[in-house]
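Structure first, commentary second.
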2 protein chains.
Amino acid sequence: MATIREHGIGAVSARTVAAVAGVNQALVFYHFGSVRELVVAAFRDEAARQIAGHRAGLAEVTSLGALVAFAATLRGESPALTPLLAAAHTDPLLGEAAKAALAEWIAEIEAVLTRILAASVLDGLADPADLARAVAAAFLGAELLGGVDPLAEESAFAVIGNLAALAQALDGQGPVVRRALKAAIKRTR
Amino acid sequence: MATIREHGIGAVSARTVAAVAGVNQALVFYHFGSVRELVVAAFRDEAARQIAGHRAGLAEVTSLGALVAFAATLRGESPALTPLLAAAHTDPLLGEAAKAALAEWIAEIEAVLTRILAASVLDGLADPADLARAVAAAFLGAELLGGVDPLAEESAFAVIGNLAALAQALDGQGPVVRRALKAAIKRTR
DNA sequence: GTCTATAGAGGGATAGAC
DNA sequence: GTCTATCCCTCTATAGAC
């Protein structure tokens, strides 16, 4: 993971990884079989560690605004999920690894969203499972954008924050507005 | 672009490209100087061609729903922008190419959004420039997700469509609800 | 488990004939 | 402009000593 973070997933080779680890190149094949399997193992390990480390934090998220704030703390820490997803386009083995790592995150997000939406006017706007995927897509896209243009990532995050704030503001509206929103949501389905 | 589409950006080499073109490998260096410069040139050409081909279609987009529908027609056609963005993480030269291609798309989106928002209750929710970046991030993220899980891409697109439909529905509300929304938006800024 | 050594392949880039 | 031929590099993976 250190070599991926520093030089990108394209620079990962048995030699570069071994050099960072201070061991011999042949050990990669002894322990993992191939370089790709090493990468898969690294991501599996990383994903499990990250999820475990943030589960407590996610449990305390009870509003959309808090979810965005939580995502902001993750920026930079999830360093190489977008490169992995892009590499998956070419390599089906990496694709499986990416899918598994993403599925774990999406499941966590879905649990949080289900909890938040249950008490919101926006409940019923979309299936929580679909919504979780959309939220993941938005954050991944922002991170992807940030790779070439950090200011664009800021913009995207700011807008997501604004949308969350608006959603929270809608929950604070009076009964007339809430009824109108409920009806509008029902019609959009 | 054909080799990138088929085998991924990682499989691009002077030899593979030359083979697809039916010419000699050395010509890559004669015409482009290096493989990276060839890739940059290919993306610059592709981006210009795509934008030009869709500018007329974008000019006819006058609602958020139509924008989502337009984006749906683009799926699969913008084949390798996400791999390029991911590769940009490693290679600054590709990063410049990706930034330029993205900037063109974002400018187009911003023009459309500015037009749409001017007639919407949601005007003032966010700066159109920021909003355009967020929209681009959402679509890129959905495409990225689709690379490993096509169903997840469908989910993300469905939710984006729902949000657009809700936004349109809000514009059809009566004066009481509109005033409440305006006030809520003002407060979230 | 860790190392050296090496086979075998692919790739970037250049020289020089035509 | 297009080709052949070639240099030199890095890479994956294996064999085999320790």
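Source: prediction; values computed, not measured.
- A donor-acceptor pair is defined here as one N or O able to donate and one able to accept, closer than 3.5 Å; such a pair exists between the side chain of B:T16 and the backbone of B:A11.
- The list of ring pair (Phe, Tyr, Trp, His ring centres under 6.0 Å) pairs with a residue in residues 162-189 of chain A, not counting sequence neighbours, is empty.
- A salt bridge (charged side-chain N to carboxylate O under 4.0 Å, His left out) check over residues 146-174 of chain A, counting only residues at least two apart or in different chains, returns the pairs A:R75-A:E153, A:R75-A:E154.
- Contacts between residues 28-39 of chain A and DNA chain C, counted as heavy-atom distances below 4.0 Å, involve A:Y30, A:H31.
- Legend: ring pair (Phe, Tyr, Trp, His ring centres under 6.0 Å) pairs involving residues 125-173 of chain A, not counting sequence neighbours, sorted by first then second residue: A:F139-A:F157.
- In terms of the side-chain contact (heavy atoms from CB on, under 4.5 Å) criterion, residue partners of B:A156 (sequence neighbours excluded) are, by chain and number, A:A134, A:A137, B:A142.
- For DNA chain C, the outermost nucleotides in 5' to 3' order that have an atom under 4.0 Å from a heavy atom of chain A are C:dG1 to C:dT4.
- The C1' atoms of five pairs define one axis at each end of the helix from C:dG1-D:dC18 to C:dC18-D:dG1, and these two axes lie 0° apart (to 10°).
- Judged as a salt bridge (charged side-chain N to carboxylate O under 4.0 Å, His left out), and not counting sequence neighbours, the contacts of A:R55 are A:E108.
- B:A26 comes within 4.0 angstrom of a base, heavy atoms only.
- Sorted by first and then second residue, the salt bridge (charged side-chain N to carboxylate O under 4.0 Å, His left out) pairs involving residues 85-99 of chain A (not counting sequence neighbours) are A:R36-A:D91.
- Within the structure, ring pair (Phe, Tyr, Trp, His ring centres under 6.0 Å) contacts touching residues 47-77 of chain B (residues at least two apart or in different chains) are B:H54-B:F70.
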Donor-acceptor pairs under 3.5 angstrom involving side-chain atoms of residues 23-34 of chain A: please list them, not counting sequence neighbours.
residue	atom	partner	partner atom	Å
A:N24	OD1	A:A26	N	2.8
A:S34	OG	A:E37	N	3.3
A:S34	OG	A:E37	OE1	2.9

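- Applying the side chain to side chain donor-acceptor pair (under 3.5 Å) criterion to B:D130, with sequence neighbours excluded, gives A:S155.
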